[in-house]
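Presented below is the structure to which this report refers.
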Amino acid sequence: MTQQWIDRFVTARRQYIEDQFQNLNSMQRQAVLSTDGPLLLLAGAGSGKTTVLINRIANLIRFGRASDSIDVPDTVSEDDVLFLEALTKDATEADQCRADYLCALEPPMPYNILAITFTNKAANELKERLCDMLGPEGQDVWAMTFHSACCRILRRDIERIGFTCSFTIYDASDSERVMKDIIKNMGLDDKTFPAKYVLSVISREKDKLVSADEMLEHIENSNEFRMLHIARAYQKYQKTLKENNALDFDDIIYYTVKLLQEHEDVRTYYQRKFRYVLVDEYQDTNYMQYMLTSLLAGGYENICVVGDDDQSIYRFRGATIENILNFEKHYRGSRVIRLEQNYRSTQSILNAANAVIANNLGRKGKHLWTANGEGKPVTVYEAADEGAESNFVAGEIISKSGGKRFCDYAVLYRTNAQSNALEFAFKRNGIPYRVIGGMRFFDRAEVKDMLSYLCVINNRNDDLRLRRIINNPPRGIGAKALETAERLAQAEGQGLYRVVSDPYSYGPLERSAGKFMAFTVMIEELAQLLDTDISLPDFYEEVMRRTGYMDMLEAKPTEENKTRLENIQELKSSINSYVQNAELPTLSGFLEEIALYTDLEQYHEGDDAVVMMTMHSAKGLEFPNVFLVGFEDGLFPGMRAIGDHEEMEEERRLCYVAITRAKENLYITHAGRRMLYGRTNAALPSRFLREIPEDLILKKGGYHKAGYISQIRPAYTPVKPVGAHYSAALSTPEKHTYLELNKGDMVMHTAFGRGLVLSVIKMGGDALLEIAFDQIGTKKLMAKTASAYLKRL
DNA sequence: CGCACCACAATTTTT
DNA sequence: TTGTGGTGCG
């Protein structure tokens, strides 16, 4: 064929493929059709990014890189070109088949595609929608979370780094237990070295891919004794976990990266396997996850990341917004596509969100718009206290809903503790509600106990779980006997189970040997049971009985124990559903699923109830009516964020996420005083409220008029009030209208009382004041905001 | 060994 | 105010 024919073919091919994605807008389609090389997809809230992801994968499987390429196979004839050009929208099935065949260019198999998400929920949604679109072969796409993908990789090759493939996964509380023991054993004070803090330092090191030894090396020549101890604790912690054949959440990714880095054959295997890598919620990835994805995509460099820098709200967990900001530096020749059309909210809601987020400096910049229409203004309600605030929310829901479709309403707050007041109001008003978050099913003691039995049966090296259950229910194995056994195990460099299962070989254990024996025989019998063809649920039933756990609960039928009994029964239904869904159900498979599972999905059970959750948990969700409560400085943005620029930007992103959850109606409420931690404090409206243009806001609520504010707010005298500027000045004081204070000044605050200025730090046109108040202690205040309430003494 | 009592701290938490 | 974890006693 001549070049002209080839060009015509490429054009016709592109046209045909484009026609297959008519349901998308042009930016979305561009994202779907850009198959080759690194691609950064900046997808604003509600811009249909999951749809894009699914269609992109569909395009890859169906047409390979055809939509993005000028390559034409030699087999294509002039006839074919004419056929494609003549093809109409209502082509016969046979013609479509021929067209598909002609257009496909090196299409990958489903298992050549890796699509990584953060949550199980997102992964499941992806899988489901893929299967809807592609049929059963959608199952073979690697659509899973970071952690489950890594587990899958590790189960295959982890033996190369000294674990066995039946490894256990430790959750945060397991890790804490281990660390507490280590701190104690090292003779360190658990006040100066709280396990949580030590673990967080370790977590950050792991994120940087720094091993315990490397950390110690770095620290050794400095004289940071604190870090030195932590580095040693890190070493011990990793050693303990290895002995227990256990990995924590960070290890799952850390070791996968190490495995890929250090074993060329493994790396090559996956780099050849994954022709296309897609990463969802890229703004939430940390360094380690960046390394992982970049290693996995290192073969073909076909990496597509989807994210929204404005929705990065997990910095505190190590997520680094830099990954998204630096994508174009990390991957040369990358393309960037912005999805800014929003299909979720009204323009008013988007305007509010745009206005708030515009105050952030470190961002790529996006401007959401919608064809949905203006919509109603944002309702802002000022309440006297959290009780009144809750009543307003309850009242509004009752009058608006008319008792129907409660599930169309969501209440979002900054901290879980805020749900209490709301729950009272909802109960009083008979509004059905559901609180998401807080205590999770698999965190309940009795559930963890039963799971611990299963863990020990699955992995006899799991000392941590063994210790949890060895005397639960009580078997007369006391702390003393256990301690002796542990010392023996330590001395021999063996696992606890080894010692305990052979107690007669150890003199010091003779008194409790019988009891140890009885316990280990029971475990062994259960383990043998597993080798028969017993079903997993039946097996679990046996575990509940033979361990005596059920008897223990039935023996004392208190209300509490009845609930516990129900909970361990409920675990059986989890096993049931696992068995039904898994291809090849195994105990270790179930345990892995549980370990990597959070019951966030509980929300989609579909009962008609108002949902309450934190703004963090609401990410990715949407509701027709959203209430954002507790918009007060000190609560949202939180105390810690005030005066810390980075933190403040993160809070603002959270605010942006919260606002963009609403489809039709958005309410924002704040209270003049709020009880927190048993203490009532005066509170000022959140600065984020002031960032929303007034013309988008409809103020509601009589509290303002009831005069509370005018009581605490002293007559504010704006500098030279002139005509129309007067009201503007009232709501937003201009630069330098604040009280100029110096270190050492005594001040009087209308709400906080008398105080001494400890420090003044200038920040732009504002200043951060640190004031020690006589009554309530030291507070950080922004001069601009506080000036209205402060006077010099 | 189990229970009661006290001290203490307490954003957010996809895995 | 709430929950949790550690300690000490019966």
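Naming convention: chains lettered A, B, ... in sequence-line order (proteins, then strands); numbering from 1 in each chain. Given the structure is predicted, the values throughout are model-derived calculations rather than measurements.
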Looking for any heavy atom pair under 4.0 Å, which part of the strands does [X] touch: base, sugar-phosphate only, or nothing?
X: A/Glu651; result: base
X: A/Ala122; result: nothing
X: A/Gln418; result: nothing
X: A/Gly478; result: sugar-phosphate

Practice task
Return the 5'-most residue of the pair A/Ile477, A/Ala172 with respect to DNA chain B, ranking by each residue's nearest nucleotide.
Solution key: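 Whichever sits nearer the 5' end wins; that is A/Ile477.
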Problem - A/Ala595 vs A/Arg640, nearer the 5' end of DNA chain B by closest nucleotide - result: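 The residue whose closest nucleotide sits nearer the 5' end is A/Arg640.
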Reckon [X] has a side-chain N or O less than 4.0 Å from the OP1 or OP2 of [N]?
X: A/Lys556; N: B/dC3; value: yes
X: A/Asn416; N: C/dT2; value: no
X: A/Arg440; N: B/dT14; value: yes
X: A/Lys196; N: B/dA9; value: no
X: A/Thr614; N: B/dT11; value: no

Practice task
Could you tell me whether A/Asp171 and A/Arg440 make a salt bridge, using a distance below 4.0 angstrom between a side-chain N and a carboxylate O?
Solution key: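 No, this pair does not count.
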Exercise for the section: May I ask you to say whether A/Arg653 pairs ionically with A/Asp309, meaning some side-chain N is under 4.0 Å from a carboxylate O? Expected result: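 Here A/Arg653 does not pair with A/Asp309 in a salt bridge, since their nearest N and O are not under 4.0 Å apart.
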Going by atom types only, do [X] and [Y] share a side-chain donor-acceptor pair under 3.5 Å?
X: A/Arg564; Y: A/Asn567; value: no
X: A/Thr558; Y: A/Glu560; value: no
X: A/Tyr170; Y: A/Asp462; value: yes

[X], nearest nucleotide to its side chain (from [options]):
X: A/Thr415; options: B/dT11, C/dT1, B/dT14; result: B/dT11
X: A/Arg414; options: B/dT14, B/dT12, C/dT2; result: B/dT12
X: A/Asn420; options: B/dT14, B/dT13, C/dT2; result: C/dT2
X: A/Thr119; options: B/dG2, B/dT12, B/dT14; result: B/dT14
X: A/Lys180; options: C/dT2, B/dT14, C/dG5; result: C/dG5
X: A/Asn471; options: B/dT11, B/dT13, B/dC1; result: B/dC1

Interatomic distance, [X] [atom1] vs [N] [atom2] [rounded to whole Å]:
X: A/Glu593; N: B/dT14; atom1: CD; atom2: P; value: 17 Å
X: A/Tyr314; N: B/dT11; atom1: OH; atom2: P; value: 16 Å
X: A/Ile642; N: B/dT11; atom1: CD1; atom2: C1'; value: 13 Å
X: A/Leu676; N: C/dG3; atom1: CG; atom2: P; value: 15 Å
X: A/Tyr677; N: C/dT1; atom1: OH; atom2: P; value: 15 Å
X: A/Asp190; N: C/dG6; atom1: CG; atom2: C1'; value: 9 Å
X: A/Ile313; N: B/dT13; atom1: CD1; atom2: C1'; value: 10 Å
X: A/Met639; N: B/dA10; atom1: CE; atom2: C1'; value: 15 Å

Handout entry: Check: A/Tyr314 ring centre within less than 6.0 Å of A/Phe316 ring centre
Key =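 Ring-ring flag for A/Tyr314/A/Phe316: true, centres closer than 6.0 Å.
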Handout entry: Syn or anti conformation of B/dT12, syn meaning chi within 90° of 0
Key =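 Because its glycosidic torsion lies more than 90° from 0, B/dT12 adopts the anti conformation.
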Exercise for the section: Sticking with atom P, work out how far C/dG5 lies from B/dT12, rounded to a whole angstrom. Expected result: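 About 16 Å, rounded to a whole number of Å.
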Exercise for the section: Answer yes or no for this row: A/Phe316 ring on B/dT12 base, centroids under 5.5 Å, planes under 30°. Expected result: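 Yes; by the centre-distance and plane-angle rule, A/Phe316 counts as stacking on B/dT12.
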Practice task
Please report the shortest heavy-atom distance between A/Phe118 and A/Glu281, naming the atom on each side.
Solution key: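 Of all heavy-atom pairs spanning A/Phe118 and A/Glu281, the closest is CE1-O, 3.3 Å.
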